[in-house]
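Note sheet for the following structure.
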Amino acid sequence: MSQSVDSAVDAVRAYIDQHRAAFLDDLAAWLRIPSVSAQPEHAADVHRSAEWLAAKLQETGFPVAEVWPTPGAPAVYAEWPCDDPGAPTVLVYGHHDVQPAARADGWDSEPFEPVVRGNRLYARGAADDKGQVFFHLLGVRAHLATTGRTTPAVHLKLLIEGEEESGSPHFRALVEQHAGRLAADAVIVSDTGMWSEDTPTVCTGMRGLAECEIRLYGPDQDIHSGSFGGAVPNPATAVGRLVAALHDENGRVAIPGFYDGVIDLTDRERELFAELPFDERQWLATAKSHATAGEAGYTTLERVWARPTAEVNGIGGGYQGAGSKTIIPSSAMVKLSFRLVAGQDPAHIEKIVGDWVRTRVPAGIRCEVGFSSATRPCLTPLDHPALQSVVRAMGRAFGKPVRFTREGGSGPAADLQDVLGAPVLFLGISVPSDGWHAPNEKVELDLLLKGVETSAHLWRDLAEHWRHAP
C-alpha cells in the first residue's frame, strides 16, 4: 500500500476507536426494540424501530431520512447528496426487522437485551441485520472526519426494509413506487456474510428462485385397484414418472430449454472458488447428509453457488395411513423448486416446465401447474469497477487478500437489480457461527468494526475509480 493509503487506514481506525463505545451503546438501544415483522403483536415495535433508525440517520447527518409506509411494515429511506454532481450514486440495502426470539427457545440471555460476552455481542438482530446496517452510520462519519469532507464522496442513499424476515411481500411494489428516488449506479447489500473470520470474502452473485406445485387428477374418486388397476391411468404413478424424468443420469435437469441463457462459470471464477478453504466433510456434517450429489463435472461449491437446480420439495397422493388400502387414487401432487443462475428468466422457466408436464402426462390425466412469484438471479462481473472498490475497501480494513463467493439462496436484492437496472454488490461481515435465526445470535465485535472501516473507505474509493458511471 502507498503511504497515503496507510495514513487513511490509520486515521479511520483511530476515529472508530474513539467512537466505539457510543456506537455500541446506540446499536444496543436499537437491538432492544423487538421488531419482529412476522408476529402481529410486534407491529408497533417494527414501526418504533423504523422511527428510531430515521431519527438516528438524521442525527448522523443525513439531510433526508423518512419512514416509508407499506401495506405491512414500514421501510426507512435516507439520502445524503454529494457536493459533486458528477459523483456516482450508491444505494445501501438492509433490513431492520428480525426473526422471532424468546428465552425459552434456548437463549442464554434475553434475546432483546444485548449482552457482551468476551468480544461478542449477543442479541436478536446483532448480525441479521441491524448490526450490518448500523455499521454504515459510523462508517460515513469516519469517512467525513478523515477526509475533511462535509458530504460523502458519493451520492449516498439507504433503503432499510421492514419485512425481509416475512418474505418481503411488499418490497418490489415499494421499489417500483419509488424507483425515481431510489435510482442508483450501484446497490450495496449489507445482509450477507463472509466465508470465515480469517477469510474475508465478497459475494458476487445470488441465485434466483421459481417454485411450482403440480397436481394431477385421474378418476373422479378413489377406485378399487383390483377392479380397475392396469386399465385406467394412475395419477400417483404419473407423478412418480415426472419426478424420475426430472434429471438425467449425469444429474442435469432434463427439462428441454432449462439451461437456455445460462452464464457459465469462467475458468478464473472456478480458480477463485477453489482457493477457498473448503472442507467437504465438515460441510456434509453441517448439512446432516452422508454424501454429495448433483450435476456431474462441478464441485460442491460450484453446484450450490453457480449452477441451476431442480428439487422435489414434497410429493404425495393416495392412501397415507396405516396398513393398506388398495386403490387407484383420484389425485396426486408434487412441489418443485428451481434455483436459477444469471442468464435464466423465471418466465421462461415457468413456460417450459408447464409444457414439459403437459407433454408427459398420459391421456386420461388432467394436470394443473401453478407457480408462485419468482425471484430473479443476480450476478456482478469480477471486473466491475464498483465491485473492485468493495474489494479494495475490504482489503484495507482487513489487511489481507479478499476472496470471492456466491450465495446459493435467494433474496430481495434481485428486485433492486431488476427494477433499478443497477448492479448489486454484497458487503457483509457476518460469519457462519453468528447463528442467524437461531438462539444466541451474535456478532463478532472485531468484525463489526471491520465493517465500519470498510464502509468508511468505500465511498472515497468509488468516487475516485468510478467517476463516470455507465
Side-chain angles (χ1 to χ4, degrees), residues 53 75-79 88-98 125 127-137 139-140 154 156-165 167-168 171-172 174-175 178-179 182-195 200-209 305 341-342 375-382 384-391 393-394 397 402 404-431 434 436 443 447-448 450-452 454-455 458-459 461-462 466:
L53 178 58
V76 177
Y77 173 77
E79 183 175 352
T89 299
V90 183
L91 173 68
V92 174
Y93 166 85
H95 63 91
H96 67 94
D97 65 319
V98 299
D128 180 25
D129 184 38
K130 288 180 177 177
Q132 299 201 92
V133 167
F134 204 62
F135 72 58
H136 285 291
L137 276 69
V140 71
V154 300
L156 185 58
K157 302 178 180 181
L158 277 73
L159 179 62
I160 312 303
E161 186 187 0
E163 294 184 307
E164 195 275 344
E165 299 293 8
S168 303
F171 184 69
R172 186 181 180 95
L174 182 73
V175 175
H178 297 285
L182 294 171
D185 298 306
V187 176
I188 302 290
V189 173
S190 285
D191 183 24
T192 185
M194 305 192 312
W195 180 265
T201 54
V202 172
C203 177
T204 62
M206 182 176 285
R207 292 194 294 187
L209 176 63
W305 286 349
V341 300
T375 300
R376 288 183 176 273
C378 56
L379 177 66
T380 303
L382 290 176
H384 194 284
L387 176 62
Q388 292 306 309
S389 286
V390 174
V391 172
M394 182 172 275
V402 177
F404 295 91
T405 65
R406 293 193 195 179
E407 290 281 349
S410 307
D415 286 330
L416 292 166
Q417 175 184 264
D418 195 29
V419 176
L420 303 181
V424 171
L425 313 161
F426 297 86
L427 169 56
I429 49 75
S430 184
V431 290
D434 284 344
W436 291 24
V443 69
L447 296 184
L448 184 63
K450 291 298 184 188
V452 177
T454 302
S455 176
L458 179 57
W459 314 129
D461 194 287
L462 278 167
W466 198 33

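FYI, side chains are in, hydrogens and waters are out, and symmetry mates aren't considered; it's all heavy atoms of this structure.
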Please evaluate residues L448 and F134 with respect to the criterion side chain to side chain contact (heavy atoms under 4.5 Å, CB included), reporting the C-alpha separation (whole Å), side-chain torsions for both, the decisive distance (0.1 Å), and the verdict.
CA-CA 9 Å; L448 184 63; F134 204 62; over 6 Å; no
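- Although no hydrogens or angles enter the test, the distance criterion places no donor-acceptor pair under 3.5 Å between the side chain of T454 and the main chain of A397.
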Assess the residue pair D185 and W466 against the criterion (side chain to side chain contact (heavy atoms under 4.5 Å, CB included)); give the C-alpha distance rounded to whole Å, side-chain angles, the decisive distance to 0.1 Å, and a yes or no.
CA-CA 10 Å; D185 298 306; W466 198 33; 3.5 Å; yes
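- Note on ring orientation: taking the six-membered ring where Trp is involved, the planes of W459 and H136 are tilted (angle from 30° to 60°).
- For the atom pair CH2 (W305) and OG1 (T405), the distance works out to 5.0 Å, reported to the nearest 0.5 Å.
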Test side chain to side chain contact (heavy atoms under 4.5 Å, CB included) on M394 and L458; report intermediate values, then the result.
CA-CA 8 Å; M394 182 172 275; L458 179 57; over 6 Å; no
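- S190 places no side-chain N or O within 3.5 Å of a backbone atom of V133 that could act as its donor or acceptor partner.
- Separating the NE2 atom in H96 from the CD atom in E161 is a distance of 8.5 Å, to the nearest 0.5 Å.
- Side chains of V187 and Q417 form no contact here, defined as non-hydrogen atoms less than 4.5 Å apart.
- Contact record, A386 with A186: CB-CB, 4.3 Å, taken as the closest heavy-atom pair.
- Note that CD of E164 is 5.0 Å distant from OH of Y93, once rounded to the nearest 0.5 Å.
- In this structure, the side chain of R207 engages the main chain of G408 through a donor-acceptor pair within 3.5 Å.
- Atoms CG and CD1, from L91 and I188 in turn, are 9.0 Å apart once rounded to the nearest 0.5 Å.
- Within the model, atoms CZ of F404 and CH2 of W195 stand 15.0 Å from one another, a figure rounded to the nearest 0.5 Å.
- In terms of modelled atom types and a separation under 3.5 Å, the side chain of Q388 and the main chain of L382 share a donor-acceptor contact.
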List the steps and the verdict of side chain to side chain contact (heavy atoms under 4.5 Å, CB included) for M206 and F426.
CA-CA 10 Å; M206 182 176 285; F426 297 86; 3.7 Å; yes
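- A donor-acceptor pair is defined here as one N or O able to donate and one able to accept, closer than 3.5 Å; no such pair exists between the side chain of S455 and the backbone of G451.
- The shortest distance between side-chain heavy atoms of D418 and R172 falls below 4.5 Å.
- Without hydrogens or angle criteria, D191 side chain to D129 main chain gives no donor-acceptor distance under 3.5 Å.
- The nearest pair of heavy atoms linking T375 to A414 is CG2-CB, 4.0 Å.
- In terms of heavy atoms, L462 sits closest to P88 at O-CG, 4.0 Å.
- Considering only heavy atoms from C-beta on, V341 stays 4.5 Å or farther from L379 through its side chain.
- Between the side chain of Q132 and the backbone N or O of V189, no donor-acceptor pair lies under 3.5 Å.
- The two atoms that bring L425 and V390 nearest to each other are CD1-CG2, 4.2 Å, heavy atoms only.
- Partner of L182 under the side chain to side chain contact (heavy atoms under 4.5 Å, CB included) criterion, out of L174, V175, T89: V175 alone.
- Between E407 and C203, the closest heavy-atom pair is CG-SG, 3.4 Å.
- Rounded to the nearest 0.5 Å, atoms CG (D97) and CD1 (I160) are 11.0 Å apart.
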